Amino acid sequence: AEQSKLYLIDKELNVTPYTLHMALVEYQTAIMKQDFAAAETFFAQLPESLHNRVARFLENQGYQAEALQISKDDEHRFELATGLGKLQMAADIIVSISSQANPAMPPRGKWKNLGDVALEQGDFTLAKRCFT
């Protein structure tokens with residue numbers, strides 16, 4: 001992967017290095033230009049460690065569905081799935097979070113949030129599951 005170092009020096013002559021991933025810059029540029037074919041090419045060059053960062057970028061650009069496909073962070077995926085109305089996927093994500101976390105401390109807040117959205121959308125079966 002092509003990357004460069006950027007060094008910034010402040011008034012006190014403290015040096016701060018930053019890693020600049022050229023593929024990430026190119027990817028973001030392609031998305032801003034709505035050149036999705038080029039963006040896909042650059043995305044393939046990105047390390048998986050940058051996928052969550054890309055997902056946040058996509059979300060901020062209004063591409064929530066694409067962000068959901070890329071994100072590896074369950075908390076972020078839950079927010080995106082709920083916002084997109086993919087309630088069953090959101091429920092599956094909560095179950096996944098529950099299995100990874102302390103089983104004695106289920107994510108009740110997430111179930112409540114999902115239940116509220118399910119009620120708004122008329123999915124009473126899912127809402128009942130969320131609130132029980």
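Position 1 is the first residue of the sequence; numbering continues from there. Computed from a predicted structure; not experimentally measured.
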At their closest point, which heavy atom of Leu126 faces which heavy atom of Ala91, and how far apart are they?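 The answer is CD1-CB, 4.1 Å.
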For Arg77 and Leu68 the tightest heavy-atom approach is O-CD1, 3.5 Å
Members other than [X] in its cluster, when Ile, Leu, Val, Met, Phe, Trp, Tyr link by side-chain heavy atoms under 4.5 Å?
X: Leu8; answer: Leu6, Tyr18
X: Phe36; answer: Leu24, Tyr27, Ile31, Met32, Phe42, Phe43, Leu46, Leu50, Val54, Phe57, Leu58, Tyr63, Ile70
X: Val15; answer: Tyr7, Ile9, Leu13
X: Phe124; answer: Leu119, Phe131

Tell me, please, which residues at least two apart from [X] pass salt bridge (charged side-chain N to carboxylate O under 4.0 Å, His left out).
X: Lys72; result: none
X: Lys86; result: none
X: Glu40; result: none
X: Asp123; result: none

State which residues pass side-chain hydrogen bond (donor to acceptor under 3.5 Å, both in side chains) with [X]; sequence neighbours excluded, sorted by chain then number.
X: Gln121; answer: none
X: Glu59; answer: His76
X: Asp92; answer: Gln88
X: Asn60; answer: none

With side chains defined as the heavy atoms from C-beta onward, is the minimum distance between [X] and [Y] less than 4.5 Å?
X: Gln45; Y: Glu26; answer: no
X: Lys5; Y: Leu20; answer: no
X: His51; Y: Ser71; answer: no

To the closest 0.5 Å, what do you measure between [atom1] ([X]) and [atom2] ([Y])?
X: Glu79; Y: Ile93; atom1: CD; atom2: CD1; answer: 10.0 Å
X: Glu75; Y: Asp73; atom1: CD; atom2: CG; answer: 6.5 Å
X: Asp74; Y: Lys110; atom1: CG; atom2: NZ; answer: 9.5 Å
X: Thr82; Y: Leu114; atom1: OG1; atom2: CG; answer: 5.5 Å

So that I can tick it off, tell me whether Asp116 and Lys112 are bridged by a salt bridge, with the cut-off set at under 4.0 angstrom between side-chain N and carboxylate O.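 Salt bridge present between Lys112 and Asp116.
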